[in-house]
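This structure is a prediction, so every number in the text was calculated from the model and none was measured. What you see below is based on every heavy atom in this structure, not just the backbone, and it leaves out hydrogens, waters and symmetry mates.
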Amino acid sequence: MSPELGRRHKFEQSRRWVIKVGSALLTDTRRGLNIKLIEELAAQIAQLRRQGREVVVVSSGAVASGMAKLGWGRRPHALHELQAVAAVGQMSLIQSYERAFLEHDLHTAQVLLSHVDISARDRYLNARHTLTTLLQLGVVPVVNENDSVVTEEIRFGDNDMLSALVANLLDADALLILTDQNGMFEADPRQHPEARLIESTAVDDPGLDAMAGEGGELGRGGMLSKLRAARLAARSGTDTLIAHGKLPGVVTAAAVGAELGTWLQARQAPLKARKQWLAGLLCATGELVLDDGAARVLTRSGKSLLPVGVREIRGSFRRGDMVVCKDALGKEVARGLVNYSSADAGKIIGKKSSAIEAQLGYQGDPELIHRDNLVLAGSH
């Protein structure tokens, strides 16, 4: 394996965390939810929140919880049965999180996502804005796949991938995947007790692929799924730590850089990685012509683009589409994901953000393009 690329104090500096909790930790097919574990995790996450850190929980367990409630011993295969069981179990799951976090004066929010919420850029922006607003309010979002309505063709496949996509969505610093294993081993430790734990390596180490195993009965994701999730999270610069969820104080220990689990390290910082991702969306659907002041502010200050600085709109686009920003001479200044359709944008350009509600009949985003969704020319 490649040598450690950095020290674990990087986790001490991580301000935004996504924590994924697997089915095997949360549930027992006979007894339902592991309430004690949920309470312990809530206490640890509350400690992170008191330190000023932001935390999003991606929780499996709805299907397994529903199985226990209905007295089913085996996971169903039919999609309609899975959806029904998930609907039953999701009630208990979110109520358990709510009660556990209220003990620490923290509010929670249930967020159910489907693949279209991530892949469609307008819904992507909506999901991102909702989650960031919840974090700003001090709420702990509890995210799960919308199992009760999603179809087999468009499902994430497992919550490992969902947690990685949430990390991408939020530019998270760290993704902590809690499982029923101590981390990733060079071979399956259940079959090879002598297998060595991989303590730290680059997430793109090609040797990792042959070492990943498959999942258990309750969960759909094994180590291979977790490795794929870590590589997906790394696209936005997020480091991933895979650790045993029943290790005492695992969350708080991870947050202070303790030597535990498997650290899969991304190569780039989150902001740089995100800008590269935006730059790679080369298929722009429209153009915004900026006045001299707006062009100057974007290039020199890196601020968001406000409606007041736009002189003209060219082309037709929807909310979340990629558009090119040009100066009065036709030179590209930047490109980014726009917060309004071309029809709505046409009503607010040249006006102050305070006038948006009067023009559109609703109060939308104050920016036409937020700086986090904007990449300057020359960066792509």
Side-chain angles (χ1 to χ4, degrees), residues 15-16 54 120-137 168-171 236-237 268-380:
R15 310 313 301 170
R16 180 172 287 179
E54 298 173 328
R121 286 199 293 272
D122 57 341
R123 295 196 184 187
Y124 169 94
L125 288 178
N126 288 339
R128 175 181 169 88
H129 289 167
T130 297
L131 287 170
T132 54
T133 300
L134 289 170
L135 292 175
Q136 290 166 5
L137 293 171
N168 291 156
L169 195 72
L170 292 171
D171 309 322
S236 57
Q268 301 180 88
L271 184 58
K272 181 179 180 182
R274 178 172 174 78
K275 294 296 186 180
Q276 288 190 351
W277 171 75
L278 286 172
L281 294 176
L282 299 178
C283 185
T285 58
E287 295 181 1
L288 304 177
V289 180
L290 314 184
D291 62 28
D292 293 339
R296 186 165 53 251
V297 166
L298 288 191
T299 54
R300 296 182 183 178
S301 304
K303 295 185 177 180
S304 300
L305 176 64
L306 303 179
V308 69
V310 180
R311 297 171 51 183
E312 182 185 349
I313 292 175
R314 296 172 181 169
S316 177
F317 49 83
R318 299 175 300 173
R319 170 179 163 83
D321 280 351
M322 173 67 72
V323 298
V324 174
C325 304
K326 294 184 176 182
D327 63 18
L329 299 178
K331 180 181 177 181
E332 180 174 339
V333 174
R335 59 178 59 200
L337 305 183
V338 67
N339 285 332
Y340 293 92
S341 67
S342 52
D344 283 353
K347 300 174 183 177
I348 62 175
I349 61 170
K351 296 180 172 62
K352 294 183 178 181
S353 298
S354 57
I356 290 176
E357 185 172 9
Q359 294 296 317
L360 300 181
Y362 66 91
Q363 182 58 57
D365 300 290
E367 313 90 1
L368 204 52
I369 303 178
H370 192 277
R371 62 179 178 273
D372 289 346
N373 297 321
L374 191 73
V375 59
L376 297 178
S379 301
H380 53 89

Please report the shortest heavy-atom distance between A294 and L305, naming the atom on each side. CB-CD1, 4.2 Å
Locate the shortest heavy-atom distance separating S353 from P366; write the atom from each residue and the value. OG-O, 2.7 Å
Drop me the distance from R300's CZ to L376's CG, to the nearest 0.5 angstrom. 13.0 Å
If the threshold is 4.0 Å, N to carboxylate O, is there a salt bridge linking D171 and R128? yes
Do V297 and L306 have side chains that approach each other closer than 4.5 Å (heavy atoms only, starting at C-beta)? no
Does any non-hydrogen side-chain atom of K351 lie less than 4.5 Å from one of V308? no
Side chains of M322 and T285, heavy atoms from C-beta outward: is any pair under 4.5 Å? no
Let me confirm one number: the NZ-CZ distance from K303 to R296, rounded to the nearest 0.5 Å. 12.0 Å
Measuring from atom NE2 of H370 to atom CG of L337, what distance do you get when rounded to the nearest 0.5 angstrom? 12.0 Å
With rounding to the nearest 0.5 Å, note down the distance linking CG in L290 to NZ in K326. 11.0 Å
Rounded to the nearest 0.5 Å, how far does CD1 of I356 lie from OH of Y340? 3.5 Å
Do R16 and T132 touch side chain to side chain, with heavy atoms closer than 4.5 Å? yes
In terms of heavy-atom contacts, N168 and S236 come closest through ND2-OG, 2.7 Å
Among V333, V324, I349, L368, side chain to side chain contact (heavy atoms under 4.5 Å, CB included) partner for L288: L368
If we ignore hydrogens and angles and just use 3.5 Å, is the side chain of D291 paired with the main-chain N or O of G293 as donor and acceptor? yes
Could you tell me which non-hydrogen atom of A295 sits nearest to which non-hydrogen atom of D327, and how far apart they are? CB-CB, 4.2 Å
Point-to-point distance, once rounded to the nearest 0.5 Å, from CG of L170 to CG of L131: 5.0 Å
What's the verdict on side-chain contact (heavy atoms from CB on, under 4.5 Å) for N373 and L125, showing C-alpha distance, side-chain angles and the deciding distance? CA-CA 9 Å; N373 297 321; L125 288 178; 3.5 Å; yes
With a sphere of 6.0 Å drawn around CZ of R15, does it hold more than 12 non-hydrogen atoms of other residues, nucleotides or ligands? yes
So, for V289 and A328, which heavy atoms are closest and what is the spacing to 0.1 Å? CG1-CA, 4.4 Å
Less than 4.5 Å apart, side chain to side chain, heavy atoms only: is that true for D344 and R319? no
